[in-house]
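Only one structure is covered here, and it is reproduced in the block below.
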Amino acid sequence: QVQVVESGGGLVQPGGSLRLSCAASGRLSGIYVMGWYRQAPGKQREFVADITFGGTAIYRDSVKGRFTISRDNARNTVYLQMNSLKLEDTALYLCHLDGNYWGQGTQVTVSS
């Protein structure tokens, strides 16, 4: 059994910053990809960023240069630093582990 729990969401003004965290626990295989997707109301879930166990990161084009994903393997935790937030970044942000385990999500709302 693997659990994935996100935290760090909230309400922020355009141009502001938030840092999301995601902690995995339970029977972990040791080497895995972790990352973030997001889903806005009425829209499909979309990829945001992934990071491998070794630290290689990939991003969707619209967040490149604004978001940074990182991980702490000793703590089985992945982070998403989000800067220069835009209205269109508003969504429920969901963390995954290897695409097999998902958290409940943390809400990010960008509004003036």
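Reckoned from all heavy atoms, side chains included, excluding hydrogens, waters and symmetry mates.
Tracing side-chain contacts under 4.5 Å through hydrophobic residues (I, L, V, M, F, W, Y), one never reaches Val5 starting from Tyr37; they form parts of separate clusters. By the rule that hydrophobic residues join a cluster once side-chain heavy atoms approach within less than 4.5 Å of another member, Val2 and Met34 end up as members of one cluster. Side-chain heavy atoms closer than 4.5 Å link hydrophobic residues (I, L, V, M, F, W, Y) into clusters, and following such links, even through other members, never connects Phe47 to Val33. Tracing side-chain contacts under 4.5 Å through hydrophobic residues (I, L, V, M, F, W, Y), one reaches Val48 starting from Leu85; they form part of the same cluster.
For the side-chain contact (heavy atoms from CB on, under 4.5 Å) with Val108, the qualifying choice from Leu92, Leu18, Leu11 is Leu18, the only one to do so. The residue from Leu94, Leu80, Val78 that alone fulfils the side-chain contact (heavy atoms from CB on, under 4.5 Å) condition with Cys22 is Val78. Exactly one residue among Asn76, Asn73, Thr52 makes a side-chain hydrogen bond (donor to acceptor under 3.5 Å, both in side chains) with Tyr32. That residue is Asn76.
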Original post:
Step by step, would you call Lys64 with Asp61 a salt bridge (Lys or Arg N to Asp or Glu O under 4.0 Å)?
Top reply: CA-CA 5 Å; Lys64 286 179 181 177; Asp61 285 346; 3.0 Å; yes

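Between the Thr90 side chain and the Val110 main chain, a donor and an acceptor come within less than 3.5 Å of each other. In terms of modelled atom types and a separation under 3.5 Å, the side chain of Glu6 and the main chain of Thr106 share no donor-acceptor contact. With hydrogens and angles ignored, the 3.5 Å screen pairs no side-chain donor or acceptor of Arg45 with any backbone N or O of Gln39. Checking side-chain atoms of Tyr93 against main-chain N and O of Gly8 turns up no donor-acceptor pair under 3.5 Å. No side-chain donor-acceptor contact under 3.5 Å links Gln13 to the backbone of Ser112.
One finds the OG1 atom of Thr109 at 11.0 Å from the CG atom of Asp89 (value rounded to the nearest 0.5 Å).
A tilted orientation is assigned to the rings of His96 and Trp102, their planes being inclined by 30° to 60°.
Residues Thr68 and Tyr79 form no side-chain contact, since every pair of their non-hydrogen atoms from C-beta on lies 4.5 Å or further apart. In this structure, the side chains of Met82 and Leu20 come closer than 4.5 Å at one or more pairs of heavy atoms.
Pairing each heavy atom of Phe67 with each of Arg38, the nearest pair is CE2-NH1, 4.1 Å. Closest heavy-atom contact between Trp36 and Ser21: CH2-O, 3.5 Å. Closest heavy-atom contact between Ala57 and Ile69: CB-CG2, 3.5 Å. When all heavy atoms of Asn83 and Ser17 are compared, the closest pair comes out as OD1-OG, 2.9 Å.
Environment of CD in Glu88: crowded, with over 12 heavy atoms of neighbouring residues, nucleotides or ligands closer than 6.0 Å.
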